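Bear in mind that the values here come from a model prediction, so they are computed numbers and not experimental data.
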Amino acid sequence: MQYTKCKDYKYQLQETQTFDLHSEFPNVKGFDWISIKDNKITIQKGYTWDGCSGPTIDTKNSMVAGLVHDCLYQLMRLKKLDISYRPQADKEFYLILREHKMNPIRAKIWYLSVKLFAKSSATKLQSKEKIIYTA
């Protein structure tokens with residue numbers, strides 16, 4: 001995965017990426033940057049995200065998990081994905097952390113942190129997200 005640091009968010013994806021999802025998610029269409037089809041999430045080149053939140057340090061083994069988790073939460077905030085998928089998104093985060101060889105204790109702590117404290121990130125629009133209404 002190639003990404004760069006960017007001004008408004010922490011990172012910007014430099015190539016379109018598709019990742020297999022471990023949990024079952026419905027197909028999601030109609031959003032320019034993120035789509036889910038046949039249990040694969042595709043994130044378009046140019047997508048920006050803020051990495052893993054909280055008192056964490058972004059490391060090579062957390063970047064993909066943070067990206068996918070941020071995308072799933074953004075789909076929930078935008079009501080493209082029902083909030084009932086939050087436990088699966090959190091589990092997905094953990095599985096990708098482990099897939100990328102994060103220490104199991106560190107991965108479990110990060111997983112428990114999002115499980116216990118990240119609900120508002122899945123339900124409230126972030127300050128940088130704007131909904132534009134048209135007539």
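- The side-chain hydrogen bond (donor to acceptor under 3.5 Å, both in side chains) search around Thr42 returns Thr18, not counting sequence neighbours.
- A donor-acceptor pair shorter than 3.5 Å cannot be found between the side chains of Asn39 and His22.
- Within the cation-pi definition used here (under 6.0 Å to the ring centroid, within 45° of the axis), Lys108 qualifies as a partner of Tyr94.
- Counted by atom type alone, Asp32 and Tyr47 present zero donor-acceptor pairs between their side chains at under 3.5 Å.
- Taking the salt bridge (Lys or Arg N to Asp or Glu O under 4.0 Å) definition, one finds that Lys37 meets it with nothing, sequence neighbours left out.
- Using a 4.5 Å heavy-atom threshold, the side chains of Leu97 and Tyr111 count as separate.
- Remark: side-chain polar atoms of Arg86 are not paired, donor with acceptor, to backbone N or O of Tyr73 under 3.5 angstrom.
- Using modelled atom types, no side-chain atom of Glu92 and backbone atom of His69 make a donor-acceptor pair closer than 3.5 Å.
- Within the 3.5 Å criterion, the main-chain N or O of Lys40 finds no donor-acceptor partner in the side chain of Asp38.
- Using a 4.5 Å heavy-atom threshold, the side chains of Leu13 and Lys45 count as separate.
- Contact of the Tyr3 side chain with the Thr48 side chain is not registered, since no non-hydrogen atoms from C-beta on lie closer than 4.5 Å.
- Counting heavy atoms from C-beta outward, Met1 and Phe19 have side chains that approach closer than 4.5 Å.
- Checking Asp58, Asp70, Thr4 one by one against Tyr11, the side-chain hydrogen bond (donor to acceptor under 3.5 Å, both in side chains) holds for a single residue, Asp58.
- Taking the six-membered ring for Trp and the full ring otherwise, the centers of Trp49 and Tyr9 sit at least 6.0 Å from each other.
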